Amino acid sequence: MARPNDEVDALLREYADLIAITGGDAFKQRAYEKAARAIRGHPRDIGGLDAAGLRDIPGVGASIADKVEEYLRTGRVQAFDATRAAVPPGVRRLMSIPSLGPKKAMTLYRERGITGVDELVEAINAGRLSGLSGFGPRTREKILRGVAVARETGGRMLLDAAHDLADEAAQGLVAAGCERATWAGALRRMRETVGSVDLVAAARDPGPVLEAFTALPFAARTVEVGRVRAAVATAGGQRVTVRVVAPDGWGAGLAHATGARAHVAALRERAARRGLRFAPDGLVDVDAGERVATATEEELYAALGLDWVPPTLRENRGEIDAAAEGALPALVTEDALRGDLHTHTDLTDGLAPLAAMVEAAAARGYAYLAVTDHAPRLRMQRMTEEKILAQREELRALERGMGGRGAGGMRLLHGTELNIDPDGGVDWPDAFLAGFDLCVASIHSHFGLDRAAQTRRLIRACENPHVQVIGHPTTRKIGLRGRIDADLDAVFAACARTGTALEINGHPNRLDLHDEHVMRARRHGVRFALDSDAHSTRELANVRWSAATAQRAWLPAAEVINTWPLARLRRFLGRDAERP
DNA sequence: GCCGTTTTCGGCCCGACTGTTTTCAGTCG
């Protein structure tokens, strides 16, 4: 992990879990969780901070500041060691299974000696859990379902973590003397999870590069070292590989390492028909027995009679024919976004105050920002009409104070994230909803309703004239929770009919809608919102992953409402004129 | 363990759902 904030976040969350498992003070546990979250979302790098500097972060007091300082200095915290020793690491991993919390994890350990997920599954299948209080047939089945969801991602990394690791590795390779180095594979295609981080490096002599690679700080273990390739594993078991190519074969090498297997196979076939051999280390004219220079990917694709294909499309889903015909789509990009339509502040569960979120959004060059804190039915957020109206006043005042146009000429929209109840109703009455510039409506409960009920509630939410965006429409959390069961085509049709946009939520563990559903929704004529769902200033950058997901679905900017100028967006929202 | 203060201890995010222990503990958003 590259960022010390993220390392400390993981450390403090681990300790919080251990407190819960060992039956420690629940408030102490919460204090550690809160500090972890605050440090993760802290806008600055904590690497250079001393204990006093750390204490300035809200939620970090003297005790945690000292422990974090000790960790940053020595790489460990002595006070944690005793608690750690009392709980096998696998017991904590049990808590990642839905329906298993600290109490049940500890019961499994104490009563049945279970110290890991595999053991738990084995115990259930062998009937060893019968008679154990709290683990009736329905719970046992829920556990097995949860394990199945987790295994779908089976140790794969989320995009943001994979990206941080890749960035560190690429920098390390360049520092080791490569002419250039970057990541390829599933990460460059921006698949939602990444099994291994695969890098390509350009150098004339691979030997020293591979040697330096296996010595990089994150490489806990060398898996293999060949003539031009090497693979290492991180302490967390994540695989990182590198292939070294000659600088004049960089384009071919990068393309070979980037495309999905089927895309690369199609390129290879196309090359063969032209008397060329497309290999991981370059492009070769077979008859002449000579290398064809491909210093860039553009040269490689051109040699095959193709336009350059954006990495996010390289899945063999029609992109090669389109590239041959000069018919590749103009994809939406992160830069095309003029604003963010789903963000939170510390009025509910965000970390940053309104003014800080506005400032950070302005620094991104946005023309507008919608602030959409949680509505009251998410009880723990304790939202009230008074509180959200006070926020509206603050937001309007902020905008007025900045010369009527917000920071940097940015306009502010006051919104909320409503909760879609089991019947499709939302938190506030129509008259109150009419006062918002924008309402995002999302499902936050009753994930287990049957298909008909889920479909009905989503369609009813679309039909609510005050709801303009459906947030994280399928509510999946990668590796944790599957999608709700709904007739998505019926929902997409309702969105198109009612002029309700679907969100592509950029939170790395959501990416919801995901690319294949975006493709399906497009066929119904739906419009999309690419949102960060930011709970801190840093998380505004999550739209990077929204844009990547949109690209994988071949989405052009014209179909994304937050690439539009404000006037057009407001017409779509039905706030300045009739809806389209 | 943090925070705010009625400055040194008391409160801290609330409540619905679920399965099952049939009266409520555990989990979750």
Side-chain angles (χ1 to χ4, degrees), chain A residues 8 11-13 15-39 51 54-69 77 79-80 83 94-108 110-111 129-146 149 344 346-351 373-384 387 417-423 427 441-449 453 471-472 475-477 480-482 484 505 507 509-510 512 533 535:
Chain A
V8 170
L11 175 82
L12 297 181
R13 277 188 295 135
Y15 191 59
D17 282 349
L18 293 178
I19 293 170
I21 291 170
T22 54
D25 177 10
F27 288 112
K28 185 169 158 183
Q29 177 209 342
R30 275 256 314 276
Y32 274 94
E33 281 172 354
K34 206 174 154 198
R37 226 170 86 82
I39 286 171
L54 289 162
R55 271 201 307 276
D56 286 339
I57 300 172
V60 179
S63 169
I64 292 182
D66 284 347
K67 292 184 173 80
V68 170
E69 201 254 82
V77 181
F80 292 175
T83 315
L94 294 176
M95 287 173 61
S96 66
I97 302 168
S99 81
L100 287 189
K103 298 286 188 300
K104 286 190 167 170
M106 199 55 181
T107 301
L108 289 168
R110 281 223 182 97
E111 302 296 322
L129 255 50
S130 54
L132 186 58
S133 170
F135 292 85
R138 302 188 70 161
T139 299
R140 296 201 295 269
E141 203 197 310
K142 211 170 177 177
I143 289 170
L144 292 178
R145 271 205 311 275
V149 170
H344 297 274
D346 62 0
L347 182 61
T348 55
D349 57 352
L351 288 169
D373 270 315
H374 288 288
R377 280 186 194 163
L378 211 55
R379 305 280 176 189
M380 65 183 183
Q381 303 300 346
R382 294 174 149 185
M383 180 55 81
T384 62
K387 283 163 80 172
E417 183 182 13
L418 300 166
N419 304 290
I420 304 174
D421 74 21
D423 294 324
D427 306 62
S442 311
I443 288 179
H444 290 121
S445 67
H446 300 85
F447 303 110
L449 295 181
H472 46 73
T475 77
R476 64 101 173 245
K477 285 200 172 170
L480 288 175
R481 186 170 71 208
I484 54 164
N505 185 301
H507 202 289
N509 72 10
R510 287 195 188 269
D512 183 12
D533 197 358
H535 286 70

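Just so it is clear, the structure is predicted and the values come from calculations on it, not from any experiment.
Of the P atoms belonging to B:dG15 and B:dG10, the separation is 24 Å, rounded to the nearest Å. To the nearest whole angstrom, the two P atoms, one in B:dT20 and one in B:dT27, are 13 Å apart. Nucleotides B:dC17 and B:dC12 place their C1' atoms 24 Å apart, quoted to the nearest Å. Straight-line distance between the C1' atoms of B:dC3 and B:dT8: roughly 12 Å, to the nearest whole Å. For the C1' atoms, the distance from B:dG11 to B:dT6 is 14 Å, rounded to whole Å. For the C1' atom pair drawn from B:dC2 and B:dT7, the interatomic distance equals 15 Å after rounding to whole Å. Comparing B:dT18 with B:dT23, their C1' atoms sit 14 Å apart, to the nearest whole Å.
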### Verdict with reasoning, A:Lys103 to A:Thr107, per side chain to side chain donor-acceptor pair (under 3.5 Å)
CA-CA 6 Å; A:Lys103 298 286 188 300; A:Thr107 301; over 6 Å; no
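Residues passing the salt bridge (charged side-chain N to carboxylate O under 4.0 Å, His left out) test with A:Asp17 are A:Arg92, sequence neighbours excluded. The side-chain hydrogen bond (donor to acceptor under 3.5 Å, both in side chains) test applied to A:Arg379 returns no partner, not counting sequence neighbours. Residues satisfying the salt bridge (charged side-chain N to carboxylate O under 4.0 Å, His left out) test with A:Glu69, not counting sequence neighbours, are A:Arg73. Residues satisfying the side-chain contact (heavy atoms from CB on, under 4.5 Å) test with A:Lys34, not counting sequence neighbours, are none. For A:Ser96, the side-chain hydrogen bond (donor to acceptor under 3.5 Å, both in side chains) test picks out no residue, with sequence neighbours left out. When the side-chain hydrogen bond (donor to acceptor under 3.5 Å, both in side chains) test is applied to A:Glu111, no partner is found at least two apart in sequence or on another chain. A:Arg138 meets the salt bridge (charged side-chain N to carboxylate O under 4.0 Å, His left out) test with no other residue; sequence neighbours excluded.
Rounded to an integer number of Å, the gap from CE of A:Met383 to P of B:dG15 is 16 Å. Note: CG (A:Asn419) to C1' (B:dG15) measures 13 Å, nearest angstrom. Taking atom CD1 of A:Ile19 as the reference point, atom P of B:dG1 lies 7 Å away to the nearest angstrom.
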## Note on the structure
Expected string for nucleotides 19-29 of chain B under the B/S/- scheme (protein heavy atoms, under 4.0 Å, primed atoms plus P, OP1, OP2 as sugar-phosphate) is SSB----SSSB
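Nucleotide B:dA25: paired with B:dT18 (Watson-Crick or G-U wobble, both distances less than 3.5 Å).
Among the heavy atoms of the strands lying under 4.0 Å from A:Asp25 is at least one base atom, whether or not backbone atoms are also near.
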Write down the protein N/O and nucleotide N/O pairs, taken from nucleotides 2-6 of chain B, whose separation is under 3.5 Å; answer none if there are no such pairs.
| unit_1 | atom_1 | unit_2 | atom_2 | d |
| --- | --- | --- | --- | --- |
| B:dC2 | OP1 | A:Gly61 | N | 2.7 |
| B:dC2 | OP1 | A:Gly61 | O | 3.2 |
| B:dC2 | OP1 | A:Ile64 | N | 3.1 |
| B:dC2 | OP2 | A:Ser63 | N | 3.4 |
| B:dC3 | OP1 | A:Gly59 | N | 2.7 |

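Annotated as syn: B:dT7, whose O4'-C1'-N torsion sits within 90° of 0. Shown here, B:dT18 is classed anti by the O4'-C1'-N9-C4 or O4'-C1'-N1-C2 angle, which is more than 90° from 0.
Each of A:His444, A:His374, A:Arg377 was evaluated against A:Asn419; a single residue qualifies, A:His444, per the side-chain hydrogen bond (donor to acceptor under 3.5 Å, both in side chains) test.
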